[in-house]
Amino acid sequence: MTELLKDQVFMAFTTHAAIVTLKLLLMGPLTGYFRITRGSFVNLEDAPGKTVEEKRKTLKTNEEVERVRRCHQNDLENVLPFVFIGLLYALTGPSLSTALIHFRIFTGSRFCHTISYILALPQPSRGLSYAAGLGVTISMGVQVLLKVLVL
Ligand code: GSH
């Protein structure tokens, strides 16, 4: 483990994995912020109001809250595979420069995806961000397989 922590590729992976995982984690509080500011709740006990009738009025979906939730879901679909495949990839001993290109493009792509989704920027901004991140994870996965199959 101490040896691993001295490995530059592994440290680069750890840094980027931590950044994108923290970003993913922050989608929860962001959803909470949109729920409160847009008055859109899903549980009666979360809803503001004194009477049950008042509370019931806030039990409704809101387009902006749903947008953040879809963005959160999309992060889960992409960040978790990146962390898993990225770890395997880092262990295959790629060159630092190639690994950094992969990790940086993925991290940048997920921030771009979130910004374009939350701000509802015109397509293909979100589609391209998604495709860039997906391409990185596929590239790392293929390299892991090639390494294992060739060895
Ligand atoms: N689960 C995704 C979906 O249903 O759209 C799979 C495809 C995907 O991730 N597409 C990207 C996206 O941002 C680029 S268009 N989809 C919107 C979303 O996941 O809510």
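Remember, it's 1-based here, ligands and their atoms both numbered in the order they're listed.
- Within ligand 1, counting atoms from 1 as listed, the ones closer than 4.0 Å to a heavy atom of R70 are 20 (O).
- Scanning all protein heavy atoms for the shortest distance to atom 18 (C) of ligand 1 gives Y117 OH, 3.4 Å.
- Protein heavy atom in closest approach to atom 1 (N) of ligand 1: E77 OE1, 2.9 Å.
- Between F103 and H16, the two ring planes are tilted [angle within 30° to 60°].
- Counted by atom type alone, R110 and N74 present one or more donor-acceptor pairs between their side chains at under 3.5 Å.
- With hydrogens and angles left out, the side-chain atoms of R70 and Y117 include a donor and acceptor closer than 3.5 Å.
- Residue contact check for ligand 1: H113 places a non-hydrogen atom closer than 4.0 Å to it.
- The closest protein non-hydrogen atom to atom 15 (S) of ligand 1 is R126 NH1, 3.6 Å.
- There is no protein heavy atom closer than 4.0 angstrom to atom 3 (C) of ligand 1.
- Taking a distance limit of 4.0 Å, we find that atom 13 (O) of ligand 1 is approached by some protein heavy atom.
- Closest to atom 19 (O) of ligand 1, if we only count protein heavy atoms, is N74 ND2, 2.8 Å.
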Apply the test side-chain contact (heavy atoms from CB on, under 4.5 Å) to residues I118 and L30: give CA-CA distance (whole Å), side-chain angles for both, the deciding distance (0.1 Å), then the verdict.
CA-CA 10 Å; I118 302 298; L30 189 64; 4.2 Å; yes

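- Counted within 6.0 Å of CZ on F84, heavy atoms from surrounding residues, nucleotides or ligands total 12 or fewer; the atom is thus considered open.
- Counting protein heavy atoms only, atom 11 (C) of ligand 1 is closest to Y130 CG, 3.5 Å.
- Closest heavy-atom contact between C71 and H113: SG-ND1, 4.5 Å.
- Distances between N or O atoms of Q123 and those of ligand 1 include no value under 3.5 Å.
- R67 has no carboxylate O lying under 4.0 Å from a charged side-chain N of E64, or vice versa, which leaves the two without a salt bridge.
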